[in-house]
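FYI, the numbering just counts along the sequence from 1. Ligands are counted one by one from 1 in listed order, and the atoms in each one are counted from 1 as well.
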Amino acid sequence: MTPSQPLHQQLLWTAKALAEVARGHATHTALAGVPAALRPGVQALLFHALRHWGWTQAAVSQLARQKPKPLVSATLCVALALLAFPAEGVAYDAHTVVNQAVKACQGEVKLKHAQGMINACLRQALRDLPALKASLHSDLQATWNAPLWWVQKLQKQYPKQWQEILRMQGAAAPMVLRVNARHMAANAYLELLQAAGIEGEVVSSCGVVLQQSVPVERLPGFDQGWVSVQDGSAQWAAQLLWDGVSTGSSDLPRILDACAAPGGKTAHLLETGDARVWALDIDPVRCERIGQTLARLGLAAECAVADAAQPGPWMAHGPWDGILLDAPCSASGIVRRHPDIAWLRRESDIATLQQTQMALLDALWPQLKSGGRLVYATCSVFVEEGEQQAQAFALRHADALRQPAPGHWLPGRLDLPDSDPMRHNVRMAHDGFFYAVFDKR
Ligand SMILES: C[S@@+](CC[C@H](N)C(=O)[O-])C[C@H]1O[C@@H](n2cnc3c(N)ncnc32)[C@H](O)[C@@H]1O
């Protein structure tokens, strides 16, 4: 958080943004109207507020006599998140938070009438914070800061790991880089980072996790395409595909990236193998970003706006040697990067997404050559979008031979022994993800 801007202004704009999320808008939309000078601080405060929103909403319903209006509730929630869970690196004195929250009300029509009530609720919380915390101890939504259905789904699907998954979802994610293998290896790039005063650790042949996030402009060679920002889990896709696609013949293999925008995995495929790649996306605005991603990296693919679940001109370029289906999903694995996700999803979304993923899988499978490979990926930890989907697909397609793949890569999954000094960084470098790999007989 940037303490350089007055806290009362940051509180007010964060509360407005939080009220927008409460109305169903994603954080990037909610932050769009925030003045540029305030935006970095407000974004950090909004993420902090979202990571504690289950607790603060429950606290507000205890502290307020009547259900407050949305902006009043949001103001209380932001201030309570700072009071009860001081943000890392920025210590605001508790009384400063209360005073600044009251000051935030003074310049805002929708809050003026509520300044007395906000003052009273925050002071009451301050007087007996331990008792307030104790009273919410057994409230699952307050403890894990996610909707009840979300917590219960994880409890049911992961009886042993659900707490660790939720703990990881509530923590801020580190910045992870993918070094462009066409330029250099991760070890060599780490030396460039260190020379630029940026500390990090190599976590794979092309992955580096940074100790602290930095603006991309500070990354050596970013504009020249030496490096991209991509979580460690997302970096599995290219390897899994290339492991099953024959690259020996004189003709370049033909690869379809069926849901490609903004092009992170398309780029990784092209950085790590020689191929003709077709990149589709149904969303024209996002599709443009594939071209921008590839241009920065000096790579090229055939990009098209298309629904990969429907027949279209794109099919004329097949059949393909390899298909990557990085399917639309609940994004339940990347909550630590987008803390609004758990709050924006509805339980019923999961079944709808499952249907979409199934339709995409079934439409794409006939487009794969015999002997070719399909990699199915989602950034979700829910089994409906992962293991259940993969098993049902294998049952529907007798010519699909399932190959070993990470399956559900859970946040916090630990594959290295305790003694390994890389353990912490490797663990932190991975969002929740699912991969299934099918070769066609
Ligand atoms: C998980 S994102 C893809 C991320 C991308 N593979 C990357 O690594 O940068 C899923 C994408 O699927 C696209 N999508 C959703 N339904 C689709 C469909 N029926 N056909 C093609 N693209 C679709 C969305 O617009 C979204 O960009």
Side-chain angles (χ1 to χ4, degrees), residues 26 28 176-178 180 206-207 216 225 227-242 255-272 277-297 299 301-315 317-318 320 322-335 337-338 341 344-345 349-350 352-365 367 374-382 385-386 389 409 430-436:
H28 62 90
V176 186
L177 307 180
R178 184 191 79 237
N180 184 343
C206 60
V216 288
V227 70
S228 301
V229 178
Q230 188 181 48
D231 180 82
S233 293
Q235 294 184 28
W236 280 84
Q239 186 66 48
L240 289 171
L241 194 80
W242 286 131
I255 305 295
L256 178 69
D257 188 351
C259 293
K265 296 184 191 68
T266 319
H268 196 196
L269 283 166
L270 287 160
E271 286 168 6
T272 47
V277 175
W278 279 261
L280 309 181
D281 203 279
I282 199 167
D283 181 332
V285 177
R286 284 176 63 85
C287 201
E288 267 183 39
R289 291 181 58 200
I290 308 174
Q292 292 159 5
T293 302
L294 298 181
R296 182 181 64 80
L297 293 160
L299 303 166
E302 313 280 339
C303 302
V305 178
D307 181 343
Q310 297 296 331
W314 59 274
M315 281 183 174
H317 303 288
W320 280 274
I323 296 179
L324 171 62
L325 172 55
D326 187 19
C329 69
S330 64
S332 61
I334 57 171
V335 176
R337 296 190 187 280
H338 303 280
I341 285 173
L344 294 173
R345 295 280 171 272
D349 294 346
I350 309 303
T352 310
L353 285 160
Q354 204 181 14
Q355 288 301 316
T356 304
Q357 294 148 2
M358 193 170 84
L360 281 161
L361 276 165
D362 288 349
L364 290 167
W365 187 246
Q367 309 305 319
L374 182 144
V375 173
Y376 171 70
T378 60
C379 56
S380 174
V381 291
F382 295 147
E385 304 177 276
Q389 189 72 268
W409 184 276
H430 289 276
D431 290 340
F433 237 83
F434 176 80
Y435 282 107

Novice: Run through ligand 1 for me and note each protein residue having a heavy atom under 4.0 Å from it, chain first, then residue number.
Specialist: Ala258, Cys259, Ala260, Ala261, Pro262, Gly263, Gly264, Lys265, Asp281, Ile282, Asp283, Arg286, Ala306, Asp307, Ala308, Asp326, Ala327, Pro328, Leu360
Novice: Check the side chains of Ser330 and Arg345 for a donor-acceptor pair under 3.5 angstrom, ignoring hydrogens and angles.
Specialist: no
Novice: Just how far is it from atom CD1 of Ile323 to atom CG of Leu364, taken to the nearest 0.5 Å?
Specialist: 5.0 Å
Novice: For Met315 versus Gln310, what's the shortest heavy-atom pair and its separation?
Specialist: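 It is CE-O, 4.2 Å.
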Novice: Only one of His430, Arg178, Arg337 forms a side-chain hydrogen bond (donor to acceptor under 3.5 Å, both in side chains) with Asp231, so which one is it?
Specialist: Arg337
Novice: Do any N or O atoms from the side chain of Arg286 and from the backbone of Ala261 form a donor-acceptor pair under 3.5 angstrom?
Specialist: yes
Novice: Show the nearest heavy-atom pair for residues Cys206 and Gln235, with the distance to one decimal.
Specialist: SG-OE1, 3.6 Å
